[in-house]
Amino acid sequence: MNETVFTSLESQRLLLRRFDESDLLSFLAYLNDPLVARYQSWESYTEQQAKDVIQKQKNIDPGVPGQWFTFATELKAAGALIGHVALKMQDRQQAEIGFTFAREHQGKGLACEAATCVLDYVFTKLHSHRVIAITDCEYERSVILMSRLGMRREGHFIQNIWFKGKWGNEYLYAILREEWLQKRAI
């Protein structure tokens, strides 16, 4: 188990925290934006599905093997939910990370800032060995973000996933704890 219960993470512009009921409308808005959902596993979310995600997140902590924990990402200056970073521990040593941000908050370095907070947490607090991320090969912003985070492309999967009515291609990225700590000089 984790040494401490998760409360929040903070960066210069962001607060990463648990979801709250007051996040529902913002959460639904970006989940249901077709351009945001384009490379995600969903087409749309109902209000009940979004409420279920928010409720489920209240009862788990990051670092629990086999469970996704979603860090609600709030822009501190506005006090508003702008996206989220998801983390799934495969076991105690390996994890997967993903992120989704509202369209109006993309292209401003916020996803990189949020993912950096989560990777710092994973490698320094949870002491994990390795983190991976998987992205659609066509999702250029995600590919750029992985590179900015210092993740290395380790795999290129050809037509490995049936995705929104067609076969899709994916890249697998990864970074090791020692690489991250060296990059961050932590």
Side-chain angles (χ1 to χ4, degrees), residues 1-90 95-126 128 131-135 139 141-142 145-146 148-149 151 173 175 180 184:
M1 280 291 152
N2 294 338
E3 296 170 7
T4 60
V5 174
F6 173 78
T7 53
S8 65
L9 305 173
E10 201 167 333
S11 68
Q12 182 179 350
R13 298 180 290 173
L14 303 172
L15 177 66
L16 283 75
R17 56 172 174 73
R18 293 180 180 278
F19 272 98
D20 185 84
E21 285 84 6
S22 65
D23 294 323
L24 181 64
L25 294 180
S26 298
F27 189 46
L28 272 171
Y30 73 77
L31 289 176
N32 286 314
D33 181 333
L35 291 179
V36 172
R38 180 177 179 190
Y39 297 109
Q40 302 291 356
S41 60
W42 66 85
E43 293 286 342
S44 65
Y45 261 72
T46 66
E47 184 173 328
Q48 188 58 53
Q49 287 173 313
K51 284 180 180 179
D52 290 347
V53 169
I54 290 169
Q55 186 60 40
K56 181 179 178 185
Q57 290 300 304
K58 289 180 177 184
N59 300 317
I60 60 174
D61 280 309
V64 177
Q67 290 187 338
W68 282 99
F69 180 84
T70 307
F71 297 85
T73 304
E74 177 182 312
L75 188 61
K76 289 193 297 190
L81 179 74
I82 62 165
H84 64 265
V85 179
L87 176 72
K88 181 180 183 183
M89 299 301 294
Q90 306 299 334
E96 181 176 350
I97 192 173
F99 18 80
T100 305
F101 280 75
R103 184 185 337 175
E104 61 270 22
H105 297 287
Q106 294 179 4
K108 299 176 182 178
L110 296 165
C112 187
E113 190 172 324
T116 296
C117 280
V118 173
L119 289 170
D120 281 345
Y121 179 80
V122 168
F123 289 127
T124 64
K125 300 292 186 215
L126 300 179
S128 295
V131 175
I132 67 163
I134 299 171
T135 189
Y139 195 8
R141 283 188 166 178
S142 185
L145 175 57
M146 305 296 179
R148 285 183 67 200
L149 291 169
M151 299 182 89
Y173 286 83
I175 191 164
W180 182 257
R184 297 284 290 157

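- Here the side chain of Glu113 pairs a donor or acceptor atom with the backbone of Arg13 at under 3.5 angstrom.
- Using modelled atom types, one side-chain atom of Arg18 and one backbone atom of Ile60 make a donor-acceptor pair closer than 3.5 Å.
- Once rounded to the nearest 0.5 Å, the distance linking CG of Leu126 with CG of Leu119 reads 11.0 Å.
- Nearest heavy atoms, Gln90 versus Pro65: O-CB, 4.2 Å.
- Proximity of Leu81 to Asp20: side-chain heavy atoms (C-beta onward) are nowhere separated by under 4.5 Å.
- We find the CD-CD1 distance between Glu96 and Ile132 to be 4.5 Å, quoted to the nearest 0.5 Å.
- Taking every heavy atom of both residues into account, Gly107 and Arg141 meet most closely at N-NH1, 4.1 Å.
- Contact check for Tyr121 versus Leu16: no side-chain heavy atoms found under the 4.5 Å cut-off.
- Taking the side chain as every heavy atom from C-beta outward, Ile175 and Leu149 never approach each other to under 4.5 Å.
- To the nearest 0.5 Å, atom CD of residue Gln67 and atom CG of residue Asn59 are 9.5 Å apart.
- In terms of heavy atoms, Ala115 sits closest to Val85 at N-CG2, 4.2 Å.
- Residues Lys108 and Leu75 are not in side-chain contact: their nearest non-hydrogen atoms beyond the backbone lie 4.5 Å or more apart.
- Between Leu110 and Thr73 there is no side-chain heavy-atom pair separated by less than 4.5 Å.
- Residues Val64 and Phe69 form no side-chain contact, since every pair of their non-hydrogen atoms from C-beta on lies 4.5 Å or further apart.
- Once rounded to the nearest 0.5 Å, the distance linking CG of Leu28 with CD of Gln49 reads 9.5 Å.
- Put simply, the side chain of Glu74 never gets that close to the backbone of Leu15: no donor and acceptor are under 3.5 Å apart.
- Under the 3.5 Å distance criterion, the side-chain polar atoms of Asn32 are left unmatched by any main-chain donor or acceptor of Ser44.
- Note that the CZ atom of Phe71 and the CZ atom of Phe6 stand 5.0 Å from one another [nearest 0.5 Å].
- Nearest approach of Ala37 to Leu31, heavy atoms of both residues: CB-O, 3.8 Å.
- Here the side chains of Trp180 and Asp120 are in contact, with some heavy-atom distance below 4.5 Å.
- Contact detail for Val131 and Met151: the closest heavy-atom pair is O-CE, 3.6 Å.
- A distance-only check finds a donor-acceptor pair linking the side chain of Lys76 to the backbone of Gln12 [under 3.5 Å].
- When each of Gln48, Gln55, Lys56 is tested with Asp52 by the rule side chain to side chain donor-acceptor pair (under 3.5 Å), just one qualifies, namely Gln48.
- The CZ atom of Arg148 lies 7.0 Å from the CG atom of Leu145; values are rounded to the nearest 0.5 Å.
- Each of Arg103, His84, His105 was checked for a side chain to side chain donor-acceptor pair (under 3.5 Å) with Tyr30, and the lone residue meeting it is His84.
- Put simply, the side chain of Gln106 gets close to the backbone of Phe101: a donor and an acceptor are under 3.5 Å apart.
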Margin query: Using the rule given for side chain to side chain contact (heavy atoms under 4.5 Å, CB included), can you reason through Asp23 versus Arg17, listing the C-alpha separation, both sets of side-chain angles and the distance that settles it, and then say yes or no?
Written below: CA-CA 11 Å; Asp23 294 323; Arg17 56 172 174 73; 2.8 Å; yes
